[in-house]
Asker: 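Here it is, the structure, as structure tokens.
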Amino acid sequence: MDTKQMRKELQKRLEKGGRIFSYDREKDVLRVENGATHQGMNISLPEIVAKWNTQKEKAIDEVVYYAEEALNVMGKAHPLSGREKYIFPVIRSSSFPKEAREGVLFLTDEHTAETRIYYALDLGKTYRLIDLKLLEEEGWSGEHVRETARFNVRSLSTEMKKDTVAGNDFYFLNTNDGYDASRILNEKFLKEMAEKVKGEMVVAVPHQDVLIIGDIRNETGYDVMAQMTMNFFANGHVPITALSFLYKDGELEPIFIMGKKRKS
């Protein structure tokens, strides 16, 4: 299936009364909007086609599901007051837009050279990124949102699955609650893991729904970490970064793993 065929298939599945479709030929992006509010979302067609090549119909079903959930809540009021326990930080790539299509800036914080922190109001099956306009309407400060989100992320489960490869231990956090990568902001959790590892601690957030921690004790461990991270990055619904981070003294430093050598 090529991008032209994928565009037709997605339009057929997402077509409902009042929805407007547009296509950016240069970027190969399909946009679907609510005709009344003109709020909508962009779908990168090459990414979906790449997933279709390995996952077939599952890839299309997934993007349609998330698109429907997102479009159904757009244009509706989502107050923050009284819903504090549903506010969480989310990690995104540093290339992720810093403002909504309407030009309103999202509330963000710098994280690493590869990642940025956004803040979201959980709506059940989807969420709304918190922007400065919403803060003004609610009379909230950005700091209040940050403190609330950090508190909530510390309350999330940090139970991990473990796998050992060539003498290296790898831990996976994959609850699919939408905030697996956000656990990288739980400093207490990272420090506890740092005390547990025997080698070098390497952390990866290849996409929204996974956090990987490697206890790397030999060169093979770096290769395995790089391959796993790239695989997760290529198959994630919301990719973040294919790079890993060396965690040392409470700091995250991106590392480039090439073959049996690593560069920082």
Asker: Would you call D24 and R31 a salt bridge, using N to O less than 4.0 angstrom?
Answerer: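 Not counted as a salt bridge, because no side-chain N and carboxylate O are separated by less than 4.0 Å.
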
Asker: Short question: side chain of K51, backbone of G236 - any donor-acceptor pair under 3.5 Å?
Answerer: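 Yes: the side chain of K51 pairs with the backbone of G236.
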
Asker: Salt bridge or not for K12 and E9, using N-O below 4.0 Å?
Answerer: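 Looking at K12 and E9, the cut-off is met.
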
Asker: Assess whether atom CD of E187 is packed by more than 12 heavy atoms of other residues, nucleotides or ligands within 6.0 Å.
Answerer: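 12 or below, so no.
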
Asker: Among E62, Q55, M6, which one satisfies side-chain contact (heavy atoms from CB on, under 4.5 Å) with I48?
Answerer: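 The option that passes is M6.
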
Asker: State which residue, out of R92, R116, R146, K98, fulfils the salt bridge (charged side-chain N to carboxylate O under 4.0 Å, His left out) condition with D109.
Answerer: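 Only one of R92, R116, R146, K98 forms a salt bridge (charged side-chain N to carboxylate O under 4.0 Å, His left out) with D109, namely R146.
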
Asker: Heavy-atom count check: over 12 atoms from other residues, nucleotides or ligands less than 6.0 Å from E159 CD?
Answerer: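 No, not enclosed.
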
Asker: Around F21, counting heavy atoms of other residues, nucleotides and ligands shown, do more than 12 lie under 6.0 Å from its CZ?
Answerer: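 It does: F21 CZ has more than 12 such atoms within range.
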
Asker: Around atom NZ of K58, are there more than 12 heavy atoms of other residues, nucleotides or ligands at under 6.0 Å?
Answerer: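 12 or below, so no.
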
Asker: So how far is it from E110 CD to S94 OG, rounded to the nearest 0.5 Å?
Answerer: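 Reported value, rounded in 0.5 Å steps: 8.5 Å.
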
Asker: Hey, does I240 have a side-chain heavy atom less than 4.5 Å from the side chain of P206?
Answerer: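 Contact flag for P206/I240 side chains = no.
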
Asker: How about L30 and V32: do any of their side-chain heavy atoms sit closer than 4.5 Å?
Answerer: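 A side-chain contact is absent here, since even the closest heavy-atom pair is not under 4.5 Å.
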
Asker: Quick one: is the NZ or CZ of R7 closer than 6.0 Å to the six-membered ring centre of Y23, and within 45° of its axis?
Answerer: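 Verdict for Y23: a cation-pi partner in R7.
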
Asker: Whether the side chain of E138 engages the backbone of L80 through a donor-acceptor N/O pair (distance < 3.5 Å, no angle test) should be reported.
Answerer: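 Confirmed, E138 side chain pairs with L80 backbone.
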
Asker: Heavy-atom count around E57 CD within 6.0 Å, excluding the residue itself: above 12?
Answerer: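 Count over threshold, so yes.
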
Asker: Would you call E68 and K16 a salt bridge, using N to O less than 4.0 angstrom?
Answerer: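 Answer for the salt bridge query: yes.
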
Asker: Got a salt bridge between K196 and E192, using NZ or NE/NH1/NH2 to carboxylate O under 4.0 Å?
Answerer: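 E192 and K196: not salt-bridged.
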
Asker: Which one of Y179, Y127, F96 satisfies the ring pair (Phe, Tyr, Trp, His ring centres under 6.0 Å) criterion with Y118?
Answerer: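 Of the listed residues Y179, Y127, F96, the ring pair (Phe, Tyr, Trp, His ring centres under 6.0 Å) partner of Y118 is F96.
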
Asker: Considering only Ile, Leu, Val, Met, Phe, Trp and Tyr, and joining two whenever side-chain heavy atoms are under 4.5 Å apart, list the other residues clustered with M230.
Answerer: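 M230 clusters with F233.
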
Asker: Should R183 and D180 count as an ion pair when the cut-off is N to O under 4.0 Å?
Answerer: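 Salt bridge: yes.
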
Asker: What do the steps show when you test N218 against N168 for side chain to side chain donor-acceptor pair (under 3.5 Å), and what is the final call?
Answerer: CA-CA 7 Å; N218 55 50; N168 305 274; 2.9 Å; yes

Asker: Taking NZ, NE, NH1 and NH2 as the nitrogens, is one of them in R217 or D215 under 4.0 Å from a carboxylate oxygen of the other?
Answerer: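 Salt bridge between R217 and D215, a charged N being under 4.0 Å from a carboxylate O: yes.
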
